[in-house]
Participant: 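Take a look at this one; I'll ask things after.
Basis for what follows: all heavy atoms, side chains included, without hydrogens, waters or symmetry-related copies. In what follows, chains are A, B, ... by sequence order, proteins preceding strands, each numbered from 1.
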Amino acid sequence: MEKTLIIIDGNSIINRAFYALPDMSNSDGLKTNAIFGFVRMMFKIIEDYKPTHMSVAFDKKAPTFRHKQYADYKAGRKKMPDELGQQLEPLKELLDKFNINRLELEGYEADDIIGTVAKLGEENDFKVYIVTGDKDAIQLASHKTTTLITKKGVGEVEEYDYDSVVERYEMTPTQFIDLKGLMGDKSDNIPGVPGVGEKTGIKLLKEYSTIENLIEHTEELKGSIKKKIEENKELALMSKELATIIRNVPIDVKLEDLEYGDYNKDDVIEKFKEFGFTSLISKLLDMDGGETTIKEEINLKIQHLDDAENFIKKAEENGHVIIDVIGKEGNILDKKILYVFLSLDGEEIYYVNEDELQTIAGLLSNSEIKKYGYDLKEDYILLKPYGIELNSMNFDITIAEYLIDSKSSTSYECSAIAMKYLTRKIKSKEDLLGKGAKAKKFDQIEFDELSAYIGDILNTVADVYPKMEEKLKETEMDGLFYHVEMPLVEVLGSMEYTGMKVDKDQLDELKEKFTTIINKLENEIFELAGEPFNINSPKQLGVILFEKLGLPVVKKTKTGYSTNAEVLEKLRDKHEIIDKITEYRQIVKLNSTYVEGLLKIINPKTGRIHSSFNQTITTTGRISSTEPNMQNIPVKTEMGRDIRKVFVADNGCKLVDADYSQVELRVLAHMSGDENMIDAFKHGEDIHSKTASQIFDVDIKDVTSKQRIEAKAINFGIIYGKTDFGLSQDLNIPVPTAKAYIESYFNKYPKIKEFMDEAVESATETGYATTILNRRRYIPEIKASNFIVRNQGKRFAMNAPIQGSAADIIKVAMVNVYNKLKENEMKSKLILQVHDELIVEAVEEELEMAEKIVREEMENAQAMDVKLDVDLNTGDSWYETK
DNA sequence: TATTTCACG
DNA sequence: ACGTACGTGAAATAC
C-alpha cells in the first residue's frame, strides 16, 4: 500500500482557525476556538487523505537564521494576541495524546522543517501532503508532494501539485521562489525589487526562468525594468534566498517516528472534555484508528408491555419509572399518541400503543411513582387530551442540564447529553428524522428504528440522571431543581395546554383598520419620495432618504445606512416623509407581527392561543415564550395597547393580572442590604422619586418630573451596569454630569456599590454569578484579555444575580399559585407569565379566592428584607387589567 | 441563513 | 485607549 505522509504547518493553521472561528471558551475560561478549528480541519484532512504518517511543525519563538541574514525579516509583524497564544500549549498537549509527531527546531521556521520532512518523504516514495494557509509552501509542490492551502477560513483546501501549479500559473513550483524574490512579500517584510509586482515578475520569469538567469541577461531588457533590475540585483538575490524554504535542516527525524493511528482515544476524549468539544468526541469515535474502551453497543431489550399490572407493581417497588411519550405532530389538543415507552432500568424497555393507554393510566397518574425523562413537558401535554395527568414529574434531564450550564454549547439534544455525560454515541433527532423540508415525522419511521431511538433516550436518562443529580448537589442547585424547576414543568405544560382566549372578530377588525392606514401612508410616502419603493427594505429606504432626498447620514450599519427609529427621530425635522415612515413602521409592525401573526396561530379547536413556554433558553433563568411570543405583546403605545383588547377571558371568567412592583430593584435592595434603599421600600416610597431626591439633594416632595425620569433611568441603568457614557446618551446630558449622578447614586446607596464590586470580584474568582436560589450563570467573558469583552463580562456579573433572582422568585410564585389552585380543586387556571406578571383566568364564582391566592403567593414567594409588592387588576380583557 | 428592526420585561 | 445597558422572539428583506 502506498504510504501517505501529511505535514501540517501548526502555526499557520491555528492562526487561520483563530481568526475564522467565533470566540469560544471552556468552563475554566480557556479560549478554545483556534484549537477547535485546528482539530476540525485536521479531522477533515485525515478523512479525505487517509494518512499513514503525520507530523505537525511549529515555529520556535527564537529568531531564525533568516533574521540573522536580514535584520528586518518579518519586522512589523503584529504580536500574537493572548487569546491565541494561550491555546498553543493545550493544542500541543492534545497532539501528544493523538500520538502525532510534533517538530520544532530553534533557528528554523516551520516551513523549513516541512520542506525537509517532505523531502525525506519523497525520497522514500511517500505520497506527501503539506497543509498550510501560507501560499509560500506552493514552492514545495512536486509530482510527489501536494500542497493543500486552506481557503474560506479553515473549512476547505485547495490542492497544488506540480501539474496544477504549472497549469494555473504557467510556472513551476520552484519558480515561485524567484517570483517572491522579485516581487517581495509584505507580510514577511521581504523587500524584492522595488517597482516589480506580480505581473511584471511573472512576465520576466516566463522569459528567463530564474532570477540568476535574468541577471545574466539584463542587457536584453528595456527601459525602466532594465534599470530596476540592474540597480537591485543584490536585493533580488537576497530576497530569493530569504524566500527559499530550506530542505536540509539538521533535524533528527525518522519516518517511522511519524506513523499515525496508534493512540488511545480515551485519552483524547479526556482532552476534548476538558476543552468542551462534545461534538468532536462523536466524530472521533467514528474515525479509523485509535483504541478506546468505550462500548458502542448497548443491549436494549425492547418489547411490548404484555403484563401491565406486573410492571406497575415493579414500578411501585422501584419508586420511579423512565418514560417517553411519542406523538404525531398536530394540534396541541389532539396530537395523537403513537406509543408510550417505559423502563425501570433503561435496558429493558416496554411500550404500549395508543389504544392500550388505559392499562398504564394508573401508573402515569400515580403520584407515588416518580417520572424521569427527557422533555417531560411534551409528554405531559400529549397525555392531557386522553384525560391522563402525568403526575410526579421528578427528573427531566433537559432541565437538569440547563441548570448545570445555562448556556451549554451542546444544546439540550439528548444525543449531546449522552455524549457529554456518558461518551455514548446515540442517534440525534435529526439523524432519525432528517432535517429541513424533507424531515420525516415519527409516524413515518419504521417501528424498529423508532423504538431503538427511543430506547437510547430512556437508556441515556437512566445512566445520566445519577451523574446530574450529583452535579446539582455539588453546586447546591438541587433545591432549586427539585422544588422550583421540576414542579414548574407541570405548570408550564398546563399553561400551554390551557392557552388564552382570543377574540378573532376584533382581530379581523384591527386588520382591516391597519390595512387601510398602511395603504394610505404608503401612498403618501411614495408621493413624498417621488417614486414607489419597498418601505420595509432598510436598503431601499436608505437609498431614498440619504441619496435621493439627500438627508444627512446619522449612523451606519455594517451593510449600509441605518434607518432605525433612533435615526429617524433625529431626522424628523428635516423632511416630512420621516414622520410618515415612523408611523408606517409602527403600524406595519403591529399588523404583521401581532394582528396577522396571532390570526395565523389561533387554535381552530379552542379559539385560544397556546404559546410554548420554554424553560431552557435564557442564560439568566427567565422563561421564554414562542409561537407566539406572549411576552412582547405591545403595551407602551396607545395603538399597540389596543392589541391587548383581543386577549379576553372565557365566558363566565375574568382575567386576574398581577404584577410585581419594582421587583428587580427590591431584589437589589435585599441582596445588597443597602439600608437606605430598603428603607425607601419599607416606607412605601416611590423609588424613583426617592432616588431623585437623593441624587439631586431635594426633598422628596419637591422632585420634578424631569428629575424623576432621570432617576428612573439611573435606577434601571444600575441594574444593567450602565456606564456614565451610556447614561449621558440616554438623558442627553454631558458625560461628566452623568458621572456625577452615578457617583452621587453610589454615595447615597453605598451598599449597592459594594454589592456590584463584590459581584464582579466573585465572578472573576469563581467564573460564575449566582442568584438567591443558587442558580448559576457561567461568565467566561470576565477573564477575557480584551477590554470590551471583559467589561461585558462584568456587566453580566452585575446583572445576572438581579435578573436571575427575580426569575427565581416569580417561578416560585407560579408553582405555589398553581398548586394552591389545584389543591382547592378550582377551575381557575394560571395561563400566562410575563417576567414580573402573572395572569390567571378565573371563573367568576372563584374570583375572590383566585385574587387572594395570586396576591398571597406572589407576595410570599421569597422572604426578603424588602417585602414584595403586587399590583393586581381584574378585567374582561388583558387591556382592561392595566 | 444573516441582517435589521422592533415588540416586551 | 478601547466602547459604552441586561434578557428575549418574530417578521421582512437580501444574500
Participant: If you assign each of Phe796(A) and Asn791(A) to its closest nucleotide in DNA chain C, which residue comes earlier from the 5' end?
Facilitator: Asn791(A)
Participant: What are the bounds, 5' to 3', of the part of DNA chain B that sits under 4.0 Å from heavy atoms of chain A?
Facilitator: dT3(B) to dG9(B)
Participant: Any base atoms under 4.0 Å from Leu590(A), or only sugar-phosphate, or nothing? Heavy atoms, all strands.
Facilitator: nothing
Participant: Hey, does Glu627(A) reach any base, or is it just sugar-phosphate, or nothing, if we go heavy atoms under 4.0 Å?
Facilitator: sugar-phosphate
Participant: Using atom types as modelled and distance alone, determine if a side-chain donor or acceptor of Lys882(A) lies under 3.5 Å from a backbone N or O of Val635(A).
Facilitator: no
Participant: Which nucleotide span of DNA chain C, 5' end to 3' end, has atoms closer than 4.0 Å to non-hydrogen atoms of chain A?
Facilitator: dC2(C) to dC15(C)
Participant: Checking side-chain polar atoms at under 3.5 Å, does Glu413(A) have a donor or acceptor matched by the opposite partner on Ser428(A)?
Facilitator: no
Participant: Do the side chain of Asn33(A) and the main chain of Phe18(A) share a donor and acceptor less than 3.5 angstrom apart?
Facilitator: yes
Participant: Contact class for Val635(A) vs. all strands (heavy atom < 4.0 Å): base, sugar-phosphate, or nothing?
Facilitator: sugar-phosphate
Participant: Do the rings of His688(A) and Phe716(A) sit parallel, tilted or perpendicular, given the 30° and 60° boundaries?
Facilitator: tilted
Participant: Reckon Asn786(A) touches a base, only the sugar-phosphate, or nothing at all at heavy-atom distances under 4.0 Å?
Facilitator: nothing
Participant: Would you mind classifying the nucleic acid contact of Arg777(A) as base, sugar-phosphate or nothing, using non-hydrogen atoms under 4.0 angstrom?
Facilitator: sugar-phosphate
Participant: Base, sugar-phosphate, or nothing: which does Ala800(A) touch, judged by heavy atoms less than 4.0 Å apart?
Facilitator: nothing
Participant: Could you check whether Thr616(A) and Thr398(A), counting side-chain N and O atoms only, form a donor-acceptor pair closer than 3.5 Å?
Facilitator: no
Participant: By the 4.0 Å heavy-atom rule, please label Arg795(A) as base, sugar-phosphate, or nothing.
Facilitator: sugar-phosphate
Participant: Counting the atoms with a prime plus P, OP1 and OP2 as sugar-phosphate, which does Asn632(A) contact under 4.0 Å by heavy atoms, base, sugar-phosphate, or nothing?
Facilitator: base
Participant: Flag this pair as yes if the NZ/CZ of Arg666(A) is under 6.0 angstrom from the six-membered ring centre of Tyr660(A) and inside a 45 degree cone about the axis; otherwise no.
Facilitator: no
Participant: Heavy atoms under 4.0 Å, any strand shown: does Gln540(A) hit a base, just sugar-phosphate, or nothing?
Facilitator: sugar-phosphate
Participant: Does the side chain of Ile577(A) reach to within under 4.5 Å of the side chain of Leu545(A), using non-hydrogen atoms?
Facilitator: yes
Participant: Look at all strands and tell whether Thr723(A) reaches a base, only sugar-phosphate, or nothing, counting heavy atoms closer than 4.0 Å.
Facilitator: base
Participant: Identify the heavy atoms of Asn873(A) and Thr881(A) that sit nearest to each other, and give their distance.
Facilitator: CB-O, 2.9 Å
Participant: Does Asp659(A) reach a base, just sugar-phosphate, or nothing at all? Heavy atoms under 4.0 Å.
Facilitator: nothing
Participant: Between Ser537(A) and Asn534(A), do the side chains contain an N or O donor and an N or O acceptor separated by less than 3.5 Å?
Facilitator: no
Participant: Suppose we define a pair by two distances each less than 3.5 Å, Watson-Crick or G-U wobble; what does dC8(B) pair with here?
Facilitator: dG7(C)
Participant: Strictly by side chain to side chain donor-acceptor pair (under 3.5 Å), give each pair with a member in residues 560-572 of chain A just once, sequence neighbours left out.
Facilitator: Glu547(A)-Tyr561(A), Thr563(A)-Arg585(A), Arg572(A)-Asp579(A)
Participant: Expressed as a whole number of Å, how far does the P atom of dT4(C) sit from that of dT4(B)?
Facilitator: 15 Å
Participant: Contact class for Lys539(A) vs. all strands (heavy atom < 4.0 Å): base, sugar-phosphate, or nothing?
Facilitator: sugar-phosphate
